[in-house]
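Written below as structure tokens is the structure these notes are about.
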Amino acid sequence: QARLVESGGGLVQAGASLRLSCATSGRAFTNSAMGWFRQAPGKERELVGAMLGGEDRAHMGDSVKDRFAVSRDDPRNTMYLQMNNLKPEDTAVYFCAARVRNTIVFTPAFWDSWGQGTQVTVSS
């Protein structure tokens with residue numbers, strides 16, 4: 001099973017940018033689907049964006065596709081989430097996840113490995 005470690009969260013003001021990183025180890029990164037999820041208090045965990053192993057195109061959620069971008073650096077086994085023009089409603093714990101079966105699914109239970117999460121708080 002892959003080990004995932006997120007970093008880069010913090011407290012920022014609305015309009016600011018953050019870049020989250022997800023470092024992976026323990027399983028082939030390049031052949032796995034990788035995704036970013038977030039979970040706000042009292043809400044379900046939702047898929048923010050994801051990339052398939054072996055592809056360059058990211059698949060982004062409708063609510064963030066104009067502001068967020070997912071990328072991956074396969075030689076470094078690292079995935080990123082670039083978040084621009086942050087809004088208070090983006091406040092959540094952000095998790096990265098890996099899926100051995102190289103497909104993207106919205107249901108968190110179908111992802112195999114998870115990081116511990118990193119808190120992003122956006123003040124108004």
Side-chain angles (χ1 to χ4, degrees):
Q1 194 171 14
R3 180 172 180 266
L4 288 70
V5 179
E6 304 96 337
S7 61
L11 170 63
V12 297
Q13 290 189 332
S17 297
L18 278 176
R19 189 176 80 156
L20 306 183
S21 299
C22 173
T24 71
S25 62
R27 180 176 283 277
F29 174 79
T30 55
N31 298 324
S32 299
M34 298 293 300
W36 285 100
F37 287 77
R38 68 183 180 184
Q39 188 165 20
K43 295 188 176 182
E44 294 185 351
R45 193 169 297 191
E46 66 170 342
L47 181 63
V48 175
M51 294 185 72
L52 294 172
E55 291 192 2
D56 294 329
R57 186 170 69 97
H59 304 265
M60 305 303 298
D62 288 339
S63 64
V64 301
K65 63 182 179 181
D66 295 330
R67 300 182 294 118
F68 292 9
V70 174
S71 61
R72 54 193 293 169
D73 185 342
D74 287 348
R76 289 185 169 84
N77 291 339
T78 302
M79 177 178 65
Y80 303 98
L81 178 64
Q82 178 67 42
M83 304 185 293
N84 299 323
N85 189 23
L86 282 160
K87 302 177 180 181
E89 52 263 41
D90 295 318
T91 295
V93 179
Y94 284 71
F95 300 88
C96 67
R99 177 171 160 82
V100 174
R101 187 173 180 182
N102 195 19
T103 56
I104 295 172
V105 295
F106 291 92
T107 306
F110 293 150
W111 292 74
D112 304 300
S113 302
W114 292 86
Q116 81 288 351
T118 186
Q119 177 71 47
V120 172
T121 304
V122 185
S123 63
S124 58

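One is the number of the first residue; the rest follow in order along the sequence. Since we're looking at a predicted model, the values are computed, not measured.
Each disulfide (SG to SG under 2.5 Å) pair with one or both residues in residues 57-124, not counting sequence neighbours, appears once here: C22-C96. Identified under the side chain to side chain donor-acceptor pair (under 3.5 Å) test for residues 55-66, with sequence neighbours left out: none. Sorted pairs that involve residues 34-92 and meet disulfide (SG to SG under 2.5 Å), not counting sequence neighbours, are lacking altogether. Residue pairs that meet the salt bridge (Lys or Arg N to Asp or Glu O under 4.0 Å) test with at least one member in residues 89-100, sequence neighbours left out, are R38-D90, R67-D90.
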Show which side-chain atoms of residues 80-87 pair as donor or acceptor with protein atoms under 3.5 Å away, not counting sequence neighbours.
| residue | atom | partner | partner atom | Å |
| --- | --- | --- | --- | --- |
| Q82 | NE2 | N84 | OD1 | 2.9 |
| N84 | OD1 | S17 | OG | 3.0 |

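Residues M51 and M79 form no side-chain contact, since every pair of their non-hydrogen atoms from C-beta on lies 4.5 Å or further apart.
Taking OG1 of T78 as the reference point, atom CE of M34 lies at 9.0 Å (rounded to 0.5 Å). Distance check: F68 CZ to M60 CE gives 7.5 Å after rounding to the nearest 0.5 Å.
Hydrophobic side-chain contacts under 4.5 Å tie F106 into a cluster, directly or through other members, with F37, L47, L52, V93, F95, I104, V105, F110, W111, W114. V100 shares a hydrophobic cluster with no other residue; no ILVMFWY side chain has heavy atoms under 4.5 Å from its own.
Remark: R76 pairs with D73 by the salt bridge (Lys or Arg N to Asp or Glu O under 4.0 Å) rule, at least two apart or across chains. Among residues two or more places apart in sequence or in another chain, the side chain to side chain contact (heavy atoms under 4.5 Å, CB included) test is passed with S113 by Q1, A2, L4, A98. Every residue meeting the side chain to side chain contact (heavy atoms under 4.5 Å, CB included) condition with A40, not counting sequence neighbours, appears here in chain and number order: K43, A92. Shown here are the salt bridge (Lys or Arg N to Asp or Glu O under 4.0 Å) partners of D112, two or more places apart in sequence or in another chain: there are none. Every side chain to side chain contact (heavy atoms under 4.5 Å, CB included) that Q13 has, sequence neighbours left out, goes to S123.
Annotation: Q116, atom CD; neighbour count of heavy atoms from other residues, nucleotides and ligands within 6.0 Å is above 12.
Checked by atom type and distance alone, the side chain of S21 never pairs as donor or acceptor with a backbone atom of S7 at under 3.5 Å. Distance alone, capped at 3.5 Å, places no donor-acceptor pair between the D74 side chain and the T30 backbone.
The only member of L20, T91, L11 that meets side chain to side chain contact (heavy atoms under 4.5 Å, CB included) when paired with V120 is L20.
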